[in-house]
Amino acid sequence: MKKLKVTDTDQDINEQWLQLKEQIELHNYRYYVLDEPELPDAEYDRLMRQLLALEAKYPQLKTADSPSQKVGGEALEQFNKIAHLAPMLSLDNVFSENELKDFGKRIEQRLGKISELCFTCEPKLDGLAISIIYLNGVLNTAVTRGDGHLGEEVTQNVKTLRNLPLKLQGTDYPELLEIRGEIFIPRSEFERLNEEALQNNQKTYANPRNVAAGSLRQLDPKITAKRKLKVYCYSLGKVSDDFVMPKTHYQRLQQLKSWGLPICPEIEQAQSIQGCYQYFNKIAEIRNQLPYEIDGVVYKVDNIDFQDRLGFVSRAPRWAIAHKFPAQEEITQLLGVDFQVGRTGAITPVARLEPVFVSGVTVSNATLHNMDEINRLRIKINDWVIIRRAGDVIPQIVSVVISKRDETCIDIEFPTHCPVCNALIERVENEAVARCSGGLFCSAQQVESIKHFASRKAMNIDGLGDKLIEQLAQEKLIQNASDLYHLTAEPLLGLDRMAQKSVNNLLDSIEKSKSTTLAKFIYALGIREVGETTAGLLAIHFANLEALMQADLDTLLSIQDVGPIVAKHILTFFQQQHNQEIVAQLIASGIHWPTMSMIDPDLLPLKGQTWVLTGTLEHLNRQNAKEMLENLGAKVSGSVSSKTHCVVAGVAAGSKLAKAQDLDIRVIDEEQFTQKMQELGQL
Ligand code: 9MJ
């Protein structure tokens, strides 16, 4: 390749850059997608260094699709929340051949008589779901699954993925292409990381999935780049309406592949449910030889028209199912049993085990649930036990190996008094759970309810972790949630690892948490059996806290999903004077939420985003466009900055459009904007 001289023209430089870029792109594709490397690694590194040097000298060359982005750009301060253009689905599971057959029968019942039903069969990668948008063939945005509607933007990190093109191949692709896939860390890389951690006396990673998730949630993309993550694409989100995609899932995957997108090589078609089951057995056989971790396979009805006819149940498609491998089991010894006190006083026996490696994770604890479970298992301390781990589920003790029992094995005694506050432990007839009768006078219950109050889905007090709450309680700085709002800097500065900056940050987060939603506040109170969903329903039904606090049994029972047990817990909670006082103190300390609105603002699809309208909108009135965005939770700003999420560029858009392009910010035209507003119910 030609060496650049001082006298070189812009054109020479551009050409040199383009040649480097194309060579590196080709090599990336051959190496990571086709698995057919051509250049020695040293040569590849040399090309990459040349590209980086050239871009350092001529920063205008550093485009969004330059392969240099793969080493990681600038670190972020926080992740932005972004709405998916089409919801991200989850999958229902089957665990046996019979359940798989039932899945097939359900489909046939819904579709009626059809001549043949084909499936695409895919390994089920155990990683992290991601949505990636290509605009005009260039990778524009990448968003984590989040709640399926709203995820976190991790574009810079996703750009570092080894096998993902920053630019699609060819020219025949849609203007807008939203793809879905799974990010994972190859097995070899996971093992290498753990070996490295061991040698440096650092903590090893529990499983490949955790590494993938942790690596993707790095604010500094250079760290992500070092982890050598990969992605396989497995479905589509939104695609430009004018672009005709093939009519089967399998062909669509081939189409993605033709654009240079990575598809799992083990994907196959099956002509029947029987064929799916054969695929499952085949993959189960080779599971441990695959270069990535899987926890089952996925079957998808191939014909897209059939998929459309089958539709969804809640967030899972009726046309797809995950067939999970059986849980993996190991044998280990029970060293002892601890009795933990939960938020509602429930006493949970926790088995302490000789650490054992089960399906990729070291297990040293397992829940024994309650005394009934201990009796059912007939388990004794020092027994050898079989441990099972299935996916993310908490490890379970399946059974005791009686043949290995010896005279050292002793009975487990369930305590009669709370191990924390010494109050009597009560057991209600017909209930398996035993509870500490200390109520909120039991410090364990106090601490657990504060942990719940501060947790992410409740008041979301950043930086107030479990350990810190335990310390604050131990130092008698807090006894209940409302005490959090009276904390001052001075006593906090005396605590472990709490320097001025962490103290300021903590007080700041506590202050910020005062602005919340009614649903989150209700959830944060920790009323028994009132989870996030029920709290949301109560907020929508009552719209204000006083109405909920005064509701009678019949009113509560009239709410969807609120049965007699939940209703009784709600009534009891608000009848207790202690709880009334805490609620009053919390409100008095300044906790507030938007009144009137029946909609949880956190659920608004564009919440936290800043949009800019520029140029002339031909069909829409600008004020209306602004209002629609604001209704959806977005802020509308007059100027473009690095904080802007999206620019709507009308006719004759000028400097703002140029700046957006400069800053690599998403730009959409009036037509795309109109379409988005239609999708989000504004038009
Ligand atoms: C995984 N995890 O490998 C899907 N998945 O499809 C595959 N996940 C999926 N497909 C629709 N291969 C929702 C999730």
Side-chain angles (χ1 to χ4, degrees), residues 84-95 100 103 107 118-132 142-149 151 158 161 163-164 178-187 207-213 216 229-239 245 248-257 261-270 276 279-280 282-284 286-287 290-304 306-308 310-325 359-360 390-392:
H84 297 298
L85 302 182
M88 272 185 94
L89 310 173
S90 51
L91 292 169
D92 279 339
N93 296 317
V94 293
F95 290 93
L100 171 60
F103 166 68
I107 291 177
C118 301
F119 296 87
T120 297
C121 307
E122 308 170 1
K124 183 169 182 301
L125 292 143
D126 199 9
L128 210 81
I130 191 82
S131 178
I132 306 168
V143 187
T144 61
R145 185 178 185 286
D147 62 4
H149 293 285
V158 166
L161 296 187
N163 62 345
L164 185 69
E178 193 186 31
I179 52 152
R180 304 292 162 64
E182 195 85 358
I183 291 181
F184 63 94
I185 184 159
R187 209 191 282 271
N207 57 42
R209 181 195 160 81
N210 286 359
V211 190
L216 202 68
L229 301 175
K230 284 186 158 194
V231 61
Y232 280 143
C233 304
Y234 56 58
S235 68
L236 288 173
K238 177 106 186 86
V239 179
M245 286 296 279
T248 72
H249 179 69
Y250 190 80
Q251 286 165 354
R252 287 185 171 187
L253 293 179
Q254 301 312 311
Q255 171 77 274
L256 296 183
K257 195 169 164 187
L261 290 164
I263 307 296
C264 179
E266 259 65 49
I267 292 176
E268 282 180 26
Q269 282 178 298
C276 290
Y279 178 81
F280 173 81
K282 177 182 142 183
I283 296 291
I286 58 164
R287 176 184 184 185
L290 292 173
Y292 44 82
E293 189 94 0
I294 59 172
D295 58 354
V297 297
V298 185
Y299 315 120
K300 296 175 181 169
V301 169
D302 210 21
N303 183 317
I304 303 292
F306 289 172
Q307 287 190 3
D308 292 343
L310 289 164
F312 305 84
V313 229
S314 75
R315 276 193 209 154
R318 285 203 190 89
W319 43 263
I321 203 95
H323 189 166
K324 294 282 201 74
F325 292 129
S359 53
D392 276 345

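Numbering of ligands and ligand atoms starts at 1, following listing order.
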(message) Using only atom types and a distance under 3.5 Å, with no angle test, would you say the side chain of Arg287 pairs donor to acceptor with the backbone of Ile294?
(response) yes

(request) Applying side-chain contact (heavy atoms from CB on, under 4.5 Å), name anything that partners Leu310, two or more places apart in sequence or on another chain. (result) Ile107, Arg110, Leu111, Val301, Arg318, Trp319

(message) Tell me which residues fall inside the under-4.0 Å heavy-atom shell around ligand 1.
(response) Leu89, Leu91, Glu122, Pro123, Lys124, Leu125, Glu182, Tyr234, Val298, Lys300

(message) List the residues meeting side-chain contact (heavy atoms from CB on, under 4.5 Å) with Glu268, not counting sequence neighbours, and say none if there are none.
(response) Tyr279, Lys282

(request) Give a yes or no answer on whether the side chain of Arg180 reaches the backbone of Ala129 with a donor-acceptor pair at less than 3.5 Å. (result) no

(request) Measure the CG-CD1 distance between Leu161 and Ile130 for me, rounded to the nearest 0.5 Å. (result) 7.5 Å

(message) Once salt bridge (Lys or Arg N to Asp or Glu O under 4.0 Å) is applied, do any residues pair with Lys124, and if so which ones, sequence neighbours excluded?
(response) Asp295

